[in-house]
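Take a look at the structure set out below.
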Amino acid sequence: MHSPDILYYLETIGIIAFALSGMIAARKANMDPVGIFTIAFVTALGGGTLRDVILDNHPVYWIRHEEMPILILVMAILFTCCRPISRLRESNIVLPDAIGLGIFSMLGAQFTLNLGYSWFIASLLGVITGTFGGALRDTLCSEVPFIFRKDQIYASISFAGCWLYFVCRWATENNTLALAIGLLFIVAARLLAVHFDIRLQRDANPHG
Amino acid sequence: MHSPDILYYLETIGIIAFALSGMIAARKANMDPVGIFTIAFVTALGGGTLRDVILDNHPVYWIRHEEMPILILVMAILFTCCRPISRLRESNIVLPDAIGLGIFSMLGAQFTLNLGYSWFIASLLGVITGTFGGALRDTLCSEVPFIFRKDQIYASISFAGCWLYFVCRWATENNTLALAIGLLFIVAARLLAVHFDIRLQRDANPHG
Amino acid sequence: MHSPDILYYLETIGIIAFALSGMIAARKANMDPVGIFTIAFVTALGGGTLRDVILDNHPVYWIRHEEMPILILVMAILFTCCRPISRLRESNIVLPDAIGLGIFSMLGAQFTLNLGYSWFIASLLGVITGTFGGALRDTLCSEVPFIFRKDQIYASISFAGCWLYFVCRWATENNTLALAIGLLFIVAARLLAVHFDIRLQRDANPHG
């Protein structure tokens, strides 16, 4: 009874986090309110939609849970109208983005595992679910079609977090605890990677 | 008996309109005959394919109705060979594009509504069906990956048209009349928006 | 009994060929090991995934055959570690790419034909299966979002090869022989087209 509730709240938090990251990116790209809603929608629901289409899990998540696109719509209206929220700057994208990456990687991996597939297939779908929304957001919002260096560190951390979740789930036989460990690892590693990444890129591309 | 026929003819007109807009865009991008067919195919059938994949409606429209890709092939051959048709210029893209947007928004919205989903979900799928083909066309044909300002006005008009259709259908209980009203609204609003848009962009980006 | 085996080996060779082309392209774009795996994965499995999603053939190929993503992972590790393999240069991309195009066009066309669809629909799905992985690779690896001139010649050769396969299959009633003829035609035509193409582009765009 309680496990589905936890997953539902996790997915909701992940959608809020990714929608927020999408709205910040859209604002930075000077988009109007409709553009802000579109990017928030695509970022928050893109990964889950691709997961559901690949795994033939119909109806897809946001059609089954109509409250999710409504939530994103309300967020976009608030973001457009409320001065304090819309003052969020580009640097504020890192935390919601890391939370979204962590939650969707975990949800994609667990969902695939529960269908009876192997750890390897589950980790691939965890990475796809976690990264696709952010990749769409970056492609639509920036001049560079795909901020690829950033995406690679995304993918590596998501992949490692999925395997950490599998090992913890196998060792402790406690799915919720294992989810929490994998999620915290991804968020922490991503926050650390952002700082490390900046320096790495400076070293590698001194003129970039 | 008659209602499916009307929908079939509407979808055919929408496919012809979007295919024509794709061929004009491909010609402008200096593509060869195969490129012209490819862009026409992707523009005319992209939105419906994404709708069918998201709603798990198989086989997808153009596989169920084989005559549609054949029609696009014949159009591409005519467009390549007939001087008068191929003389269509870039400015002639606006009308077929508006007709395609209107028809596919209406068809996507009605199809989703008939599956029993809410007005909100139906309007989202109307927008997705109406805009995805044109977004693919613009991404593949232009140097800018996504003409986003244009797409936003696209999306807003499509969204408003879907809700106008829902209200008219609910008020008049006449689906065909409501479809016609929503369709006419989208085409008219889009044609007006193109002129308004040009000025708006000039004001917002004086150096763009 | 033997026919499925031949198809399985063919698909494996096609995946190896496309994965290799992806790794060469990712190396040229200065990607790290995770990026090399990602591009190899997307190039080798993208076309088949789109085919399976459009035709509602679930689970998709690489989920049903888990050994394929593992094979790509091993290839990416070898490519990163082994000096002789990683010395492959950009010009070495042409042969694996042509083999991948030929194999996936044939497999997509035959699979669709065996579902009972017409030659025309089967040839369209052959082209989609054969070209989508390479299109994703080029979009993600190059500055130009879509190397379109190249893709057109891709598509034309793939389309012609599919029809050659259909005619040979109809004339000889020997599916394996027809597959071999179609495959050899695509690989040979593609290798010839690369040389021809270079000259054609120079003539058409003297300043390009």
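Chain A is the first sequence line, chain B the second, and so forth, proteins listed ahead of strands; every chain is numbered from 1.
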Please report the shortest heavy-atom distance between B/Pro69 and B/Phe41, naming the atom on each side.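 B/Pro69 and B/Phe41 have their closest heavy atoms at CB-CE1, 3.9 Å.
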Might you point out which heavy atoms bring A/Leu20 and A/Met75 nearest each other, and give the distance in Å?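 Heavy atoms only, the tightest pair is N-CE, 4.0 Å.
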Ring-plane angle category for B/Trp163 and B/Phe159, please: parallel below 30°, perpendicular beyond 60°, tilted otherwise.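 B/Trp163 and B/Phe159: tilted rings.
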Which bit of A/Leu73 is near chain B, if near means a heavy-atom gap under 4.5 Å: side chain, backbone, both or neither?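 When you check distances to chain B, only side chain atoms of A/Leu73 fall under 4.5 Å.
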Heavy atom to heavy atom, less than 4.5 Å: which residues from residues 117-125 of chain B reach chain A?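 At a heavy-atom separation under 4.5 Å, chain A is reached by B/Tyr117, B/Ser118, B/Phe120, B/Ile121, B/Leu124, B/Leu125.
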Are any of the side-chain heavy atoms of B/Ser21 and B/Thr43 separated by less than 4.5 Å?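 The answer is yes; the side chains approach within 4.5 Å.
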Got A/Gln110 and A/Leu179 here, is their nearest side-chain heavy-atom distance under 4.5 Å?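 Yes, their side chains come closer than 4.5 Å.
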Atom pairs and distances, donor-acceptor, side-chain atoms in residues 53-62 of chain A, under 3.5 Å, two or more places apart:
unit_1, atom_1, unit_2, atom_2, d
A/Asn57, ND2, A/Asp52, OD1, 2.9
A/His58, ND1, B/Ile54, O, 3.3
A/Trp62, NE1, A/Thr49, OG1, 3.1

